[in-house]
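Structure first, then comments.
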2 protein chains.
Amino acid sequence: MPVLPDIEIARAADKRPIQDIGAQLGIPPEDLVPYGHDKAKVSQGFIAGLADRPMGKLILVTAINPTPAGEGKTTTTVGLGDGLSRIGRNAAICIREASLGPNFGLKGGAAGGGHAQIVPMEDMNLHFTGDFHAITSAHNLLAAMIDNHIHWGNEQNIDLRRVVWRRVLDMNDRALRHVASALGGPANGFPRETGFDITVASEVMAILCLAENLADLEERLGAMIIAYRHDKTPVFARDIDAHGAMTVLLRDAMQPNLVQTLEHTPAFVHGGPFANIAHGCNSVIATRTALKLADYVVTEAGFGADLGAEKFLNIKCRKANLAPDCVVLVATVRALKMNGGVAKDALGAEDTEAVRAGCANLGRHIRNLKQFGVPVVVAINHFTGDTDAELNVIRDYVAAEGAEAHVCTHWAEGGVGAEALATRVAEIADAGEAQFAPLYPDDMPLWDKIGSVAKGIYHAEGVIADQKVLDQLAAWEAEGYGNLPVCMAKTQYSFSADPTALGAPEGHVIPVREVRLSAGAGFVVAICGDIMTMPGLPRRPAAESIRIGAGGQVEGLF
Amino acid sequence: MPVLPDIEIARAADKRPIQDIGAQLGIPPEDLVPYGHDKAKVSQGFIAGLADRPMGKLILVTAINPTPAGEGKTTTTVGLGDGLSRIGRNAAICIREASLGPNFGLKGGAAGGGHAQIVPMEDMNLHFTGDFHAITSAHNLLAAMIDNHIHWGNEQNIDLRRVVWRRVLDMNDRALRHVASALGGPANGFPRETGFDITVASEVMAILCLAENLADLEERLGAMIIAYRHDKTPVFARDIDAHGAMTVLLRDAMQPNLVQTLEHTPAFVHGGPFANIAHGCNSVIATRTALKLADYVVTEAGFGADLGAEKFLNIKCRKANLAPDCVVLVATVRALKMNGGVAKDALGAEDTEAVRAGCANLGRHIRNLKQFGVPVVVAINHFTGDTDAELNVIRDYVAAEGAEAHVCTHWAEGGVGAEALATRVAEIADAGEAQFAPLYPDDMPLWDKIGSVAKGIYHAEGVIADQKVLDQLAAWEAEGYGNLPVCMAKTQYSFSADPTALGAPEGHVIPVREVRLSAGAGFVVAICGDIMTMPGLPRRPAAESIRIGAGGQVEGLF
């Protein structure tokens with residue numbers, strides 16, 4: 001039976017009222033703040049009342065390095081959640097919110113795919129519950145207050161040349177990357193160079209996703225570095241009293257959003273920080289709330305396991321005191337073939353040799369994840385053209401690595417196609433075998449932390465940087481930031497810094513070009529390549545074809 | 001009994017579930033799109049089904065020229081709505097949404113005051129239902145598409161020096177008034193000069209408030225002029241295919257928001273265009289929906305009657321085929337004293353002479369409004385210090401003008417304090433005496449339309465402008481825009497262009513400095529003074545004191 005396009009399946013979904021989904025988790029209707037009939041926020045008050053409850057099992061879904069073939073990490077996250085529901089477990093899903101701006105460049109995406117999706121898909125690709133707009137407002141209020149502070153006398157003695165806080169929009173707009181502001185005369189303030197990033201790149205986004213509650217949010221916002229004085233000392237957001245008003249703007253956005261899968265498994269969709277200059281995970285408050293309400297929580301992290309899982313474990317779990325009970329590593333026959341050297345247009349033919357070669361990528365991720373003390377299960381997200389011989393190559397390879405692989409057909413069949421995976425994952429989680437520990441201790445020097453990720457996860461021979469970078473790290477350590485984890489901004493396509501080096505490259509060196517301090521979010525970013533924080537639109541943007549059709553439905557967005 | 005601060009009254013409000021408020025108007029729960037428990041949008045589908053219903057009576061609340069003493073136009077709008085409910089009429093209220101940005105400069109405002117307020121006040125001063133964020137996104141998508149179009153080859157041959165479409169943020173940020181964009185090299189596009197306005201100044205906002213439905217919205221968005229070609233011909237938003245995607249972004253925002261007064265009268269709060277460079281009224285779709293659902297709809301227009309009512313009548317009513325059945329003109333003893341020459345700090349003392357002198361302003365507004373063929377009732381919004389002698393001066397003056405004045409105490413007492421006004425307004429509206437006609441016909445030349453407002457409403461001796469302005473108007477007439485109404489951007493404080501000339505100035509001349517064409521909204525703006533479209537923050541912005549207090553409530557916003 002053919003599987004319809006994602007959007008058609010999503011539109012045909014038999015959604016339950018969101019109050020019914022909340023009831024599955026024991027959330028009373030008065031503690032659900034509805035946004036339409038199929039979306040709601042969970043009230044702060046209700047969440048505060050959960051503090052003493054025990055937490056369920058945490059399952060992380062991650063993947064091999066991404067390729068154009070597609071891996072289906074979110075699809076597997078949804079399928080596994082539905083599979084757990086089908087075998088009678090009280091399960092919930094936690095994923096990130098989508099960014100609005102990029103949908104007008106290339107077509108918007110489903111949350112999952114096929115019969116393993118989270119709905120309502122259109123809303124989730126448009127304004128959803130307004131969280132990203134709130135982040136944009138809070139971020140830009142701070143920017144306006146900085147220029148206003150300088151305009152009215154600059155009591156903090158801010159060096160106009162060293163204002164590091166930029167502005168943001170949830171839009172792909174290359175013309176805003178670099179602007180000269182406050183032109184036009186004295187009434188408009190002091191001219192300076194600045195620019196805009198896309199909202200998901202905002203430190204406010206990272207903070208919203210790491211803050212425990214509103215008080216923690218306010219403190220972290222206050223701790224953000226916005227500029228430097230003429231004496232080179234940092235100016236914090238709290239120095240110009242911006243953090244309180246920013247927190248007020250973010251009050252509603254801090255409440256996690258509840259939606260549902262096609263099969264009515266509760267799904268928390270909340271927050272969406274960049275996965276390169278930030279940690280790329282949904283919010284701590286959503287994950288923690290889900291863990292208090294469900295026995296099994298399935299979540300995912302951005303990109304492949306070398307970037308996403310590493311940050312989930314070394315940043316989010318470390319800072320939020322979370323510990324996964326099982327990690328599911330997603331691979332596809334097609335993606336392994338690409339890692340094995342096959343071109344995208346040649347993926348249709350059976351090629352067990354290429355699958356075997358590509359398994360080098362899979363194997364390295366398995367071994368990497370085991371370093372964290374967490375059991376690993378491989379999910380083979382089944383595509384129509386996969387052959388039994390190819391699937392067996394993966395099964396055998398994984399078994400030789402001391403793990404097991406399950407073929408999943410949730411894309412075509414929904415949760416029933418992930419029941420075997422769900423059963424095994426639940427067994428592993430219930431067995432309590434995980435002994436999670438982050439890769440490096442808090443008190444390791446920053447440069448050594450970078451090295452421990454580069455060597456332990458990327459399998460690099462070494463890490464190089466200019467003396468300026470090393471001096472900067474030393475300066476931050478002297479200022480008391482040495483205990484922070486590091487957030488690696490590197491290409492997601494390879495273990496190395498070269499996006500074309502697929503498989504399991506060796507002998508490479510990781511160049512750290514620049515380091516940045518996200519003092520409010522609580523990590524040091526190590527930039528190991530070109531990082532684009534404001535995308536542009538393509539020659540023919542999707543926006544040109546997006547419209548409301550005769551039937552009132554959105555056309556061209558998907 | 002003392003009246004508590006607005007915010008305390010608002011927080012203590014005994015709000016009904018928004019579904020109950022909808023039920024009062026016959027809106028079934030499934031056609032209310034909830035945003036929390038006390039806000040909802042009315043679904044497009046339900047509104048489309050109302051087409052054949054008869055419309056209720058439309059009552060416009062306007063005021064004398066605003067002074068620092070305060071007039072209480074919105075307070076009276078709310079009080080009158082509650083008064084109509086109290087005397088057993090099926091009434092609804094229509095007002096504008098508040099802009100977010102200015103609340104971080106000066107303190108945010110109530111919707112009404114005292115015991116005549118619309119709630120929830122905090123939400124209405126923060127993100128509300130996200131309409132303004134949607135407008136910001138749609139506006140800035142168009143901006144990004146323009147620069148993107150130029151970047152990728154500029155098929156439309158846009159003159160880089162003549163891009164008239166700016167960007168917007170709902171923020172007071174003077175540093176963005178004038179920027180140089182697309183700096184930093186070829187990857188960032190072609191550098192040019194541009195800037196940001198505040199969101200309420202966007203033509204998209206004006207269009208949202210004038211569009212009949214989504215199809216009309218899309219057509220109007222497509223008709224906006226975004227730039228000129230090297231041959232000076234206009235480039236429209238539809239020329240770069242931006243209008244469809246903008247409409248998708250505005251789909252939810254086009255649905256009117258329903259909230260309630262303290263006394264549970266339904267209130268539609270929707271849209272909020274500038275009252276100088278735009279027409280300053282809530283949306284046509286909200287007003288029309290309210291008229292289909294209620295027997296009496298009380299609405300208001302921005303600033304005093306010379307600006308707000310004039311635009312309501314000449315732009316909104318003309319274009320939307322609406323006709324008011326009664327106009328309520330709000331005045332206060334204090335504001336009339338200021339119009340009569342008393343300084344703000346001397347308003348406490350009884351001064352019947354000053355009241356009498358200030359009535360010149362009131363009288364001119366009465367006569368102006370009668371020109372439109374609509375009955376006028378004066379509402380004296382009672383302040384604690386008003387004396388009987390002062391109130392009698394107004395009553396007598398109004399009677400001599402052939403109208404009647406009612407003292408209202410809704411601020412202190414709620415709807416019961418406006419029952420007498422409500423009774424009389426309902427009688428007048430029911431009598432069907434109004435014979436509304438706009439001030440000038442569609443086919444009058446643009447310059448003569450400006451003159452007819454200047455002379456007929458402002459009582460100016462004449463209008464002056466450079467030949468450049470006259471040539472521009474002639475060019476637009478040649479291009480087919482001659483049938484549009486004019487939108488006067490003039491100081492709100494005086495009938496003249498001099499904000500210090502209170503009362504009823506005579507002998508003045510109105511200088512038209514510049515004209516702008518809002519081709520999508522459908523009016524020609526005549527700028528008669530300094531118009532600020534991007535405010536700045538003050539030396540000590542309110543934001544510095546805004547925070548979430550220990551009890552979880554917002555502090556410092558009000």
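First the proteins, then the strands, lettered A, B, ... as listed; each starts at 1.
Taking B/His151, B/His243, B/Arg192 one by one and counting their heavy-atom pairs under 4.5 Å with chain A, the maximum is reached by B/His151. Each of B/Leu557, B/Leu249, B/Asp252 has some count of heavy-atom pairs under 4.5 Å with chain A, and the biggest count is that of B/Leu249. Your options are B/Ala143, B/Ala182, B/Ala180, B/Gly153, and the one with the most heavy-atom pairs under 4.5 Å with chain A is B/Ala180. When B/Gly130, B/Pro538, B/Ala134 are compared by the number of non-hydrogen pairs under 4.5 Å with chain A, B/Pro538 comes out ahead. With respect to chain B, the highest number of heavy-atom pairs below 4.5 Å among A/Ala144, A/Gly45, A/Gly552 belongs to A/Ala144. Residue with the most contacts toward chain A among B/Ser137, B/Pro29, B/Pro541: B/Ser137 (heavy-atom pairs, distance under 4.5 Å). Taking chain B as the reference chain and counting heavy-atom pairs below 4.5 Å, the highest number among A/Val248, A/Asp170, A/Ile240 is found for A/Val248. With chain B as partner, the option from A/Ser181, A/Gly189, A/Ala245, A/Pro34 having the largest number of non-hydrogen pairs under 4.5 angstrom is A/Pro34. When each of A/Asn172, A/Val554, A/Leu537 is checked for heavy-atom pairs under 4.5 Å with chain B, A/Leu537 comes out on top. Annotation: maximal heavy-atom pairing with chain B below 4.5 Å, among A/Ala543, A/Ala175, A/Gly184, A/Ala40, occurs at A/Ala175. The candidate from B/Leu100, B/Leu141, B/Val33 with the greatest count of non-hydrogen atom pairs under 4.5 Å with chain A is B/Leu141. Most heavy-atom pairs under 4.5 Å with chain B, from the set A/Asn140, A/Asn103, A/Thr136: that is A/Asn140.
Between atom OG1 of residue B/Thr129 and atom CG of residue B/Asn257 there is a gap of 3.5 Å, rounded to the nearest 0.5 Å. Note that CD1 of B/Ile150 is 10.5 Å distant from CD of B/Gln156, once rounded to the nearest 0.5 Å. In this structure, A/Arg238 CZ and A/Glu218 CD are separated by 11.5 Å, a value rounded to the nearest 0.5 Å. Rounded to the nearest 0.5 angstrom, A/Phe558 CZ and A/Gln553 CD are separated by 10.5 Å. How far OG of A/Ser202 is from CZ of A/Phe132: 10.5 Å, rounded to the nearest 0.5 Å. Here the OG1-CG distance, from A/Thr199 to A/Asp131, works out to 12.0 Å after rounding to the nearest 0.5 Å.
Contacts of B/Leu126 with chain A are made by side-chain atoms alone, with heavy-atom separations under 4.5 Å and no backbone atom involved. Neither the backbone nor the side chain of A/Glu555 comes within less than 4.5 Å of any heavy atom in chain B. Contact annotation for A/Ala242: neither backbone nor side-chain heavy atoms come within less than 4.5 Å of a heavy atom of chain B. Heavy-atom distances place the side chain of A/Met171, and not its backbone, under 4.5 Å from chain B. Proximity to chain B (any heavy atom under 4.5 Å) is shown, for A/Tyr35, by both the backbone and the side chain. When heavy atoms are compared at a cutoff of 4.5 Å, A/Leu169 approaches chain B solely by way of its side chain, counted from C-beta outward. B/Asp123 touches chain A through its side chain: at least one heavy atom from C-beta onward sits under 4.5 Å away, while N, CA, C and O do not. When heavy atoms are compared at a cutoff of 4.5 Å, A/Glu155 approaches chain B solely by way of its side chain, counted from C-beta outward. In this structure, chain A has a heavy atom under 4.5 Å from the side chain of B/Glu122, while its backbone stays farther away. The contact between B/Phe196 and chain A is made entirely by side chain atoms (from C-beta outward), counting heavy-atom distances below 4.5 Å. Proximity to chain A (any heavy atom under 4.5 Å) is restricted, for B/Leu214, to the side chain, taken from C-beta onward.
Between B/His133 and B/His127, the ring planes lie tilted relative to each other; the angle falls in the 30° to 60° range.
Taking both residues in full, the closest heavy atoms of A/Pro28 and A/Phe46 are given as CD-CE1, 3.6 Å, listed atom of the first, atom of the second, then distance. A/Leu142 approaches A/Met224 most closely through the heavy-atom pair CD2-CE, 3.7 Å. The shortest non-hydrogen separation linking A/Leu160 to A/Phe190 is CD2-CB, 3.7 Å.
Here A/Asp147 pairs with A/Arg167 in a salt bridge; the nearest charged N to carboxylate O distance falls below 4.0 Å.
Side-chain N or O atoms of B/Asp239 include one that pairs as donor or acceptor with a backbone N or O of B/Phe236 at under 3.5 Å.
When the shell of 6.0 Å around CD of A/Glu212 is examined, it contains more than 12 heavy atoms from other residues, nucleotides or ligands.
Among B/Arg174, B/His178, B/Arg177, the one residue that satisfies the side-chain hydrogen bond (donor to acceptor under 3.5 Å, both in side chains) test with A/Asn188 is B/Arg177.
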